[in-house]
Amino acid sequence: MGEEISSNLAVIRNRVKQAAERAGRDPRSVQLLVVSKTWPADKVAVVADAGHTCFGENKVQEAEGKVPQLPQNLNWHLIGHLQRNKVRKALRHFNTIHSIDSLKLARHTSHVAMELGEKPKIYLQVNLAEEENKNGYVISELKRDINDLLALPSVSIVGLMCIPPAAESSEQMRPWFVKMRELRDELEDHTGAVFPGLSMGMSSDFEVAIEEGATIVRVGSAIFGTRNYL
Ligand SMILES: *Cc1c(COP(=O)(O)O)cnc(C)c1O
């Protein structure tokens with residue numbers, strides 16, 4: 001099992017690098033976030049032992065159990081929905097949050113971070129297809145709020161994150177990734193700020209996401225295998 005995980009990791013790292021090169025990008029401009037949700041600490045340790053330091057979890061509570069069992073030099077990113085009442089706990093373990101999706105949540109996060117003397121990196125999650133059952137800003141509301149978000153003192157807005165509707169092929173995902181990049185450019189034009197980060201692409205479509213500008217891809221099952229949700 002351990003051997004399989006480390007060989008999968010090597011394959012994925014290589015595919016990330018090749019996708020960047022194909023797109024004429026510096027491979028160092030694309031980060032691999034290894035999504036360790038549902039996997040116990042001993043499996044995650046295999047990836048950490050291979051020298052990988054960036055991990056994504058989708059639940060604060062799961063991270064609370066896992067993070068203390070792993071080396072302290074790891075970076076943990078929260079990629080799942082964040083409830084206001086979990087912000088304080090989240091900031092204990094995560095230095096980056098990919099799922100900020102309202103001004104209210106961002107304000108609260110900034111407020112708590114200031115109390116703690118921290119300044120987490122945040123991505124603004126966008127619900128590109130305006131799906132009812134998904135979290136994330138719809139584009140019109142993000143445009144309405146962006147200047148207020150930028151004014152928050154204790155969060156550092158690095159960019160946008162999305163989980164587009166599932167599709168049968170990675171090629172069908174491309175228009176969503178293009179839309180993200182264009183939205184980012186538009187927000188930069190409107191505000192004069194820079195949003196270098198695009199958190200997009202998962203196991204089945206990260207190469208297409210990289211071709212369209214992803215700076216961080218979130219890959220779980222292609223490294224650990226298929227998850228069994230309880
Ligand atoms: C689980 C998850 C991933 C990873 O998905 P895989 O298909 O296993 O690579 C990426 N992003 C988010 C937000 C997730 O919840």
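These values consider heavy atoms only, across backbone and side chains, with no hydrogens, waters or symmetry-generated copies. Please read all numbers here as calculations on a predicted model, not as lab measurements.
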Is there side-chain contact between [X] and [Y], with at least one heavy-atom pair below 4.5 Å?
{"X": "L142", "Y": "L183", "result": "yes"}
{"X": "C54", "Y": "Q31", "result": "yes"}
{"X": "Q172", "Y": "E168", "result": "yes"}
{"X": "F206", "Y": "V30", "result": "no"}
{"X": "I5", "Y": "K43", "result": "yes"}
{"X": "I97", "Y": "S99", "result": "yes"}
{"X": "V208", "Y": "E171", "result": "yes"}
{"X": "F177", "Y": "P164", "result": "yes"}

Closest heavy-atom pair and its distance - [X], [Y]:
{"X": "V44", "Y": "S36", "answer": "CG2-CB, 3.7 Å"}
{"X": "S203", "Y": "V219", "answer": "OG-CG1, 3.5 Å"}
{"X": "A63", "Y": "P68", "answer": "O-CD, 3.9 Å"}
{"X": "G213", "Y": "M200", "answer": "C-CE, 4.1 Å"}
{"X": "V155", "Y": "A106", "answer": "CG1-O, 4.5 Å"}
{"X": "M114", "Y": "P153", "answer": "CE-CG, 3.5 Å"}

Pairwise distance [atom1]([X]) to [atom2]([Y]) - rounded to 0.5 angstrom:
{"X": "K89", "Y": "L78", "atom1": "NZ", "atom2": "CG", "value": "13.5 Å"}
{"X": "I100", "Y": "T109", "atom1": "CD1", "atom2": "OG1", "value": "4.0 Å"}
{"X": "N135", "Y": "I163", "atom1": "CG", "atom2": "CD1", "value": "8.0 Å"}
{"X": "E186", "Y": "I146", "atom1": "CD", "atom2": "CD1", "value": "11.5 Å"}
{"X": "L9", "Y": "H52", "atom1": "CG", "atom2": "NE2", "value": "6.5 Å"}
{"X": "E115", "Y": "S154", "atom1": "CD", "atom2": "OG", "value": "10.0 Å"}

Task: side chain to side chain donor-acceptor pair (under 3.5 Å) between R227 and S221, intermediate numbers included - done: CA-CA 7 Å; R227 282 180 297 274; S221 49; 4.6 Å; no
Is there a path from [X] to [Y] through hydrophobic residues (I, L, V, M, F, W, Y) whose side chains come within less than 4.5 Å of each other?
{"X": "L82", "Y": "L33", "value": "no"}
{"X": "Y123", "Y": "L152", "value": "no"}
{"X": "L103", "Y": "V158", "value": "no"}
{"X": "M161", "Y": "L149", "value": "no"}
{"X": "V217", "Y": "F224", "value": "yes"}

TODO: Just do the side chain to side chain contact (heavy atoms under 4.5 Å, CB included) check on I139 and K179 with the steps written out, would you?
DONE: CA-CA 11 Å; I139 291 173; K179 193 166 175 168; 3.8 Å; yes
Task: Residue pairs involving residues 59-71 (criterion salt bridge (charged side-chain N to carboxylate O under 4.0 Å, His left out); sequence neighbours excluded) - done: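 Found E57-K66, E62-K66.
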May I ask you to decide if [Y]'s main-chain N or O and [X]'s side chain share a donor-acceptor pair within less than 3.5 Å?
{"X": "S156", "Y": "P120", "result": "no"}
{"X": "R184", "Y": "F195", "result": "yes"}
{"X": "S110", "Y": "R107", "result": "no"}
{"X": "E141", "Y": "Y137", "result": "no"}
{"X": "N58", "Y": "G80", "result": "no"}
{"X": "N127", "Y": "K134", "result": "yes"}
{"X": "R218", "Y": "S199", "result": "yes"}

Open item on the list: Ring centres under 6.0 Å, that's the criterion: do F55 and W76 meet it?
Closed with: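 They qualify: ring centres under 6.0 Å apart.
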- [ ] Would you please name every residue forming a side-chain contact (heavy atoms from CB on, under 4.5 Å) with S140, sequence neighbours left out?
- [x] V138
Open item on the list: Can you list everything that forms a side-chain contact (heavy atoms from CB on, under 4.5 Å) with P165? Sequence neighbours excluded, please.
Closed with: A129, E131, W176
- [ ] Identify whether the distance between the nearest side-chain nitrogen and carboxylate oxygen of R25 and E21 falls below 4.0 Å.
- [x]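 Looking at E21 together with R25, the answer is no, because their closest N to O distance does not fall below 4.0 Å.
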TODO: Flag the pair R174 and E211 as a salt bridge only when some basic side-chain nitrogen lies within less than 4.0 angstrom of an acidic carboxylate oxygen.
DONE: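 Salt bridge present between R174 and E211.
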TODO: Measure up the H108 and H111 rings against each other and bin them: parallel (under 30°), tilted (30 to 60°), perpendicular (over 60°).
DONE: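 Judged by the thresholds at 30° and 60°, the geometry between H108 and H111 is parallel.
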- [ ] Please state whether the rings of H77 and H98 are parallel, tilted or perpendicular, taking 30° and 60° as the class boundaries.
- [x]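 It falls in the tilted class, 30° to 60°.
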Open item on the list: Between I216 and L198, does the side chain to side chain contact (heavy atoms under 4.5 Å, CB included) criterion hold? Intermediate values first, please.
Closed with: CA-CA 6 Å; I216 182 164; L198 288 178; over 6 Å; no
